[in-house]
Amino acid sequence: MTSFLDALAMLASFEALAAIAIGTLYGIFVGAIPGLGSVLGITVILPFTFVFDQSVSIALLLGTYCGSVYGGCIPAILINSPGTPQSAATLFDGFPMARRGQPALALGWATFASAFGGILACLILAAGAPLLARFGLRFGPIEYFALGIFALTCIVSVARESLLKGVFGAAFGLFIAMVGLDPITGITRYDFGNYDLAAGLNLIPVLVGLFALSEVLWRVADRGSVTEPLTEKVRFAMPPVGDIARRWKVLVKSSLIGTWIGSLPGVGATAASLVSYAEAKRSSPDRASFGKGSPDGIIASEAANNAVTAGALVPTLALGVPGDPITAVMLGALTIQNIIPGPTLFQQQPALVTYIFMALFVVNIVMFAMGATLGPIFSRILRLPEPLLIACLVALVVVGTYSVNQSGFDLLVLLAAGLVGFAFRYLEIPLAPVVIGFVLSPMIESSLRRGLILTNDSLLAFFEKPVAATLFALTAMFLLWPIVRSVLAARRTLASHPTEPRPTHD
């Protein structure tokens, strides 16, 4: 009780509340600009933490973290370009809903789901953070490999037109992620003697090129067709209470998926949103609506990726292991503030840990209020003429991509990814599996090879691990379920329309 009162006193200070507001506003702005992202946003704000005390610095960092993850959904919905990699799955249904004439409702669903996921994750972690930290510690290379294979079942859900093309896209993503240093031996692969390729391909130029730049090229090439522009002035539209009540299962399940995956060190919000999206589609009675503007698709992505913001703090605080690249930067910021994350933090500084979860709770409330208020401001881009919008988008994409590493090579990767994305669109190869494969490739490869080292090259030994065996069983079930469902549907059809008996001849 004493630690709670101490944490409440820190949170109630004007400086802490102002830091939450400023950090959240800044984070939304950074997240809404394609190519910048959460890591860059926190890195830019990091020098300011040198002059603030612990409570203000933590509030500023948490506001930037959550705001930037949420802000990525704004361009994903409005211009079909995710502001951050965490919002890659949001554009699958967010942009179609906006094109359908409901951008305000799409932003409303994304904002509500983001706040709901973040708040629910805070409540869960405040009660069970030590338990979740211990469970995450049980994951070794074999369990991570099983989780990666399970996440690849997303391909079945996002490859609507052709599973074969979806598998090809995922294989392409897995391959290009292998360019650079071998994670085990350190030997360079597929670099063709190029120094820049030896460092591997950055996720941001690949993701922005595949979606944003290819979208620009596609629109320019499709000038002959008549596309109705989005000219509606968007005001934040809160989803009806009845619709929210009908979708409570998707909200809760997606938040739990994000919380769980966030608590696993090194996985991150991008994988969580993709896994959550795939699970939402798999379990939905209206699977055909996914990819066409389904609220469930927006909910699944945004509730999961914002729940990760709380979940990723579990390994960061309890184990001293970053939950994702963003919390890796935050780990350094906490060290600067003389906060040493680890197993003893919960015992030695309980008031500080309580303050962190309470501040995160308030950040999500502030984020919802700002998202609702700033929606009309960000929606003004919908009223721009398409040529001007395309020019602005190209400028943002180029500047944002270059600003991450100040690398001209990243711009070449951006252009190459844009051309590949354009070609894939022409060949009707879905882009989502490429991103899924690229994101999951490092985890799958390194975990597989480390697992084989531990088991003396025995794949059968992987199934002896209870957690891994469960994930493998779920993977098989999800892959086989469409076939089983088709067989059952065919049997029901035959049962309802029995064949007439053949006439007999005397």
Side-chain angles (χ1 to χ4, degrees), residues 128 131-159 163-164 166-175 177-178 182-185 253-254 256-268 270-283 304 308 311 314-315 319 321 323-324 433 436-488:
L131 178 63
L132 283 174
R134 287 195 297 270
F135 180 72
L137 191 61
R138 294 176 57 188
F139 268 64
I142 295 175
E143 286 78 9
Y144 276 118
F145 172 71
L147 178 64
I149 296 300
F150 173 70
L152 281 179
T153 58
C154 300
I155 299 168
V156 178
S157 296
V158 299
L163 180 59
L164 183 61
V167 171
F168 174 80
F172 179 79
L174 289 167
F175 172 73
M178 295 173 65
D182 185 293
I184 304 298
T185 64
K253 181 166 60 175
S254 301
L256 293 176
I257 290 174
T259 304
W260 172 55
I261 293 183
S263 68
L264 303 177
V267 181
T270 306
S273 65
L274 293 169
V275 171
S276 177
Y277 183 87
E279 168 56 23
K281 183 175 181 181
R282 183 200 64 81
S283 60
V308 168
V314 174
L319 308 176
V321 178
D324 57 14
I436 295 170
F438 189 87
V439 169
L440 297 177
S441 180
M443 179 178 69
I444 292 175
E445 182 191 6
S446 60
S447 299
L448 172 62
R449 295 175 64 182
R450 288 190 175 97
L452 288 174
I453 292 173
L454 292 174
T455 60
N456 294 321
D457 295 332
S458 173
L459 281 173
L460 291 177
F462 282 37
F463 294 89
E464 297 175 359
K465 300 284 187 177
V467 175
T470 302
L471 289 171
F472 285 135
L474 290 173
T475 300
M477 182 181 69
F478 289 167
L479 291 176
L480 294 175
W481 176 243
I483 300 174
V484 174
R485 188 173 62 240
S486 300
V487 172
L488 293 177

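The two residues Leu454 and Pro141 come nearest to each other via the heavy atoms CD1-CG, 4.0 Å. Closest heavy-atom contact between Ile142 and Gly451: CG1-CA, 4.0 Å.
Looking at residues two or more places apart in sequence or on another chain, you find no salt bridge (Lys or Arg N to Asp or Glu O under 4.0 Å) involving Glu143.
From Ile261, atom CD1 reaches atom CG of Leu256 across 11.0 Å, with rounding to the nearest 0.5 Å.
In this structure, the side chains of Leu448 and Leu459 come closer than 4.5 Å at one or more pairs of heavy atoms.
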In a table with atom names and distances, give each donor-acceptor pair under 3.5 Å that connects a side chain of residues 462-473 to protein atoms at least two apart or in another chain.
unit_1 : atom_1 : unit_2 : atom_2 : d
Thr470 : OG1    : Pro466 : O      : 2.9

Let me check something: any side-chain donor-acceptor pairs from residues 438-446 under 3.5 Å, sequence neighbours excluded? List them with distances.
unit_1 : atom_1 : unit_2 : atom_2 : d
Ser441 : OG     : Leu174 : O      : 3.1
Glu445 : OE1    : Arg189 : NH2    : 3.2
Glu445 : OE2    : Arg189 : NH1    : 2.4
Glu445 : OE2    : Arg189 : NH2    : 3.4
Glu445 : OE2    : Arg449 : NH1    : 3.2
Ser446 : OG     : Pro442 : O      : 2.7

